[in-house]
Amino acid sequence: MSAYHPLTEREAIEIARSLKSVFPDAPDNLACREIGDGNLNLVFHITDSASGRSVILKQALPYAKVVGESWPLTLDRARIESEALIQEGKLAPGLVPQVYAYDAELALTIMEDLSDHVIMRRGLMEGGRYPKFADDISTFLARTLFFTSDLGMNQQEKKLRVRDFINPELCKITEDLIFDDPYTVSANNNYDAAIEDEAEALRTDEQLHFEIALLREKFLTQAQALLHGDLHTGSIFITPESTKVIDPEFAYYGPAGFDIGAVIGNLLLNYASRHGWDKSEAEAGDYRHYLLTTIREIWTKFEAKFRALWDEHGVDRLASASAAYKDDYMKRLLQDTLGYAGAKMVRRIVGLAHVADIDRIEDAAKRETAQRLALAIGKSLIKTGRQSTSIEQLIDIALTSSAGAKV
Ligand SMILES: Nc1ncnc2c1ncn2[C@@H]1O[C@H](COP(=O)(O)OP(=O)(O)O)[C@@H](O)[C@H]1O
Ligand SMILES: CSC[C@H]1O[C@H](OP(=O)(O)O)[C@H](O)[C@@H]1O
């Protein structure tokens with residue numbers, strides 16, 4: 001293949017046509033559409049209407065698409081993404097798209113088309129319910145986090161994997177956008193003027209700064225497990241029967257609670273939006289209950305599965321033999337999960353990249369209510385996460401904050 005350049009749709013078709021495993025007959029009439037709606041990359045959807053076969057070509061751009069060429073970004077993230085997808089596919093079969101090929105020069109990953117699924121953020125915004133989700137995502141989290149940690153893999157081999165997944169530029173985005181910008185005056189910040197008082201409070205809250213500094217330190221230094229690194233509901237394809245995790249270009253070895261917190265924080269962002277969006281309070285309350293039940297189930301199932309993997313496959317003799325250590329490890333994971341869930345919520349209200357769950361609320365007063373609620377839940381999780389011993393504390397924070405929200 002040729003040297004790096006952003007592909008045209010015609011070139012994407014030519015590459016797809018040469019994929020014997022997807023298009024064995026090399027059809028002449030492939031159709032192509034660039035469908036990338038994320039912040040960073042090009043995504044080409046290529047279909048053959050005659051056979052019904054299709055494929056996805058995802059290509060990294062040498063800059064952050066959301067900002068433009070003034071924000072250069074490494075193409076190596078395409079390697080990280082394809083290697084992480086392959087790893088995740090081995091550890092959690094059926095829960096990620098199949099990778100058909102990776103081209104380093106073109107920073108191109110060719111993968112299974114998941115267009116029969118919907119992006120979970122959209123699904124939640126439309127009020128969808130996903131009965132398999134908690135079970136699937138807890139399996140994904142437990143297996144990927146356990147088997148890439150010092151608890152579940154050869155500890156010398158792990159050090160080499162840490163090296164392979166060094167991802168400084170993408171980590172820097174997280175370090176800035178999640179653990180710095182929202183708590184200072186930054187050109188990256190982006191929020192409605194109506195919540196200037198909230199933004200000011202974030203900048204001056206010393207207790208919050210202390211907790212965020214601790215979460216940031218862990219993100220910078222703790223190579224606990226191979227993370228997806230950006231596991232929000234826009235990185236999950238879903239149907240009632242199936243869950244597929246996509247887009248692990250932020251993968252690196254970091255604190256396991258960051259991934260669990262990302263899932264839960266994004267469910268809570270949808271929860272906050274339910275104070276501004278639904279037609280009736282009964283409908284909204286019912287959906288909020290569904291979201292909290294899902295969150296409880298995710299943590300409960302995750303903990304049970306992680307502990308079961310540890311009992312059966314633990315490689316660290318001392319850690320595996322100590323019931324007290326196991327309990328302490330799980331408690332620290334829960335505390336990290338709550339803290340990171342809160343940090344993920346705050347960044348989506350005042351930081352650079354928002355979420356459609358809340359931004360789509362057209363009525364300014366209702367949007368403001370949802371934003372303030374998301375900040376209240378997020379701040380409370382950040383401040384109390386280190387004291388938590390049960391997922392019920394997160395549920396209580398959400399319910400109490402809801403009760404105090406303007407409706
Ligand atoms: N495997 C896939 N199958 C179908 N559509 C996909 C697939 N991967 C990505 N997409 C589409 O492209 C969009 C952007 O993909 P994503 O990986 O999130 O890109 P980015 O890294 O730029 O955020 C997704 O929201 C989805 O609509
Ligand atoms: C300048 S990147 C901002 C933001 O975008 C990424 O999300 P995605 O690639 O899924 O759109 C990531 O969350 C970054 O923090």
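In each ligand, atom 1 is the first atom listed, and ligand 1 is the first ligand listed. When a residue number appears, it is its place in the shown sequence, counting from 1.
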Which ligand 1 atoms, with their elements, are less than 4.0 angstrom from a heavy-atom of Glu112? 1 (N), 2 (C), 3 (N)
List ligand 1 atoms under 4.0 Å from Asn39, heavy atoms only on the residue side. 22 (O), 23 (O)
Hey, which atoms in ligand 2 end up nearer than 4.0 Å to a heavy atom of Val66? 1 (C)
Ligand 1-proximal atoms of Glu249, by part, heavy-atom distance under 4.0 Å: side chain
Exactly one of Met345, His275, Glu368 clears side-chain contact (heavy atoms from CB on, under 4.5 Å) with Leu373, and that residue is His275
When you measure from atom 2 (C) of ligand 1 to every protein heavy atom, which one gives the shortest distance, and what is it? Ile56 CG1, 3.5 Å
Taking only heavy atoms of Ile35 into account, list the atoms of ligand 1 that are under 4.0 Å away from them. 5 (N), 11 (C)
Within the 4.0 Å heavy-atom cut-off, what Asp113 brings close to ligand 1 is both
As an exercise, state the distance from OG of Ser273 to CZ of Arg288, rounded to the nearest 0.5 Å. 10.0 Å
Please list, in number order, the atoms of ligand 2 under 4.0 Å from a heavy atom of Arg348. 13 (O)
What's the shortest distance from atom 25 (O) of ligand 1 to any protein heavy atom, and which residue and atom give it? Asp37 OD1, 2.7 Å
If you count the atoms of ligand 1 from 1 in the order shown, which ones are under 4.0 Å from a heavy atom of Lys58? 16 (P), 17 (O), 19 (O), 20 (P), 21 (O)
Could you find the nearest protein heavy atom to atom 22 (O) of ligand 1 and give me its residue, atom name and distance? Asn41 N, 2.9 Å
Could you tell me the residue and atom name of the protein heavy atom closest to atom 12 (C) of ligand 2, and the distance to it rounded to 0.1 Å? Asp230 OD2, 3.4 Å
Have a look at ligand 2 and work out which part of Thr174, if any, has a heavy atom under 4.0 Å from it: side chain, backbone, both or neither. neither
Nearest non-hydrogen protein atom, atom 15 (O) of ligand 2: Arg347 NH2, 2.6 Å
Donor-acceptor side-chain pairing of Lys305 and Thr139 below 3.5 angstrom: yes
Tyr191 and its side-chain hydrogen bond (donor to acceptor under 3.5 Å, both in side chains) partner, picked from His354, Glu198, Glu196: Glu196
Does any N/O atom on Leu40 come nearer than 3.5 Å to any N/O atom on ligand 1? yes
Judged by atom type as modelled, is there a donor-acceptor pair below 3.5 Å linking the side chain of Thr221 to the main-chain atoms of Glu217? yes
Verify whether one side chain among Glu200 and Thr204 offers a donor that lies under 3.5 Å from an acceptor in the other. no
Is the closest N or O pair between Glu81 and ligand 1 shorter than 3.5 Å? no
Should the pair Asp116-Lys244 be classified as a salt bridge under the 4.0 Å nitrogen-to-oxygen rule? no
Tell me which protein heavy atom sits closest to atom 18 (O) of ligand 1, plus the residue, atom name and distance to 0.1 Å. Asp247 OD2, 3.2 Å
Could you find the nearest protein heavy atom to atom 2 (S) of ligand 2 and give me its residue, atom name and distance? Leu40 CD2, 3.8 Å
Yes or no on salt bridge (Lys or Arg N to Asp or Glu O under 4.0 Å) for Lys132 and Asp135, after CA distance, side-chain angles and deciding distance? CA-CA 6 Å; Lys132 273 199 87 231; Asp135 196 40; 5.7 Å; no
Among all protein heavy atoms, pick out the one at the shortest distance from atom 9 (O) of ligand 2; state its residue, atom name and that distance to 0.1 Å. Asp247 OD2, 3.6 Å
Write out the residue and atom name of the closest protein heavy atom to atom 10 (O) of ligand 2, then the distance separating them to 0.1 Å. His232 NE2, 2.8 Å
Backbone or side chain, does any N or O of Leu114 fall under 3.5 Å from an N or O of ligand 1? yes
Between Asn41 and Glu81, is a side chain to side chain donor-acceptor pair (under 3.5 Å) present by the stated rule, with each step listed? CA-CA 12 Å; Asn41 303 292; Glu81 173 162 348; 4.8 Å; no
If the cut-off is 4.0 Å to any non-hydrogen atom of Met111, which atoms of ligand 1 fall inside it? 1 (N)
Atom 15 (O) of ligand 1 - nearest protein heavy atom and its distance: Val43 CG2, 3.8 Å
Whether Arg367 side chain and Asp359 backbone form a donor-acceptor pair below 3.5 Å: no
Using a 3.5 Å distance criterion without hydrogens, assess whether the side chain of Gln224 forms a donor-acceptor pair with backbone atoms of Ala256. yes
Hey, which of Tyr252, Tyr253, Tyr340 is the one that makes ring-ring contact (aromatic ring centres under 6.0 Å, His included) with Phe258? Tyr340
Does the distance from a Lys or Arg side-chain N to an Asp or Glu carboxylate O, for Glu169 and Arg77, drop under 4.0 Å? no
Nearest-neighbour protein heavy atom for atom 5 (O) of ligand 2, which is reported as residue plus atom name and distance: Asn39 ND2, 2.7 Å
So if I count the atoms of ligand 2 from 1 in the order they appear, which ones are less than 4.0 Å from some heavy atom of Leu177? 3 (C), 15 (O)
Atom 5 (N) of ligand 1: which protein heavy atom is closest, and how many Å away? Phe237 CZ, 3.4 Å
Could you give the distance from CD1 (Ile13) to CG (Asn29), rounded to the nearest 0.5 Å? 9.5 Å
Taking NZ, NE, NH1 and NH2 as the nitrogens, is one of them in Glu303 or Arg307 under 4.0 Å from a carboxylate oxygen of the other? yes
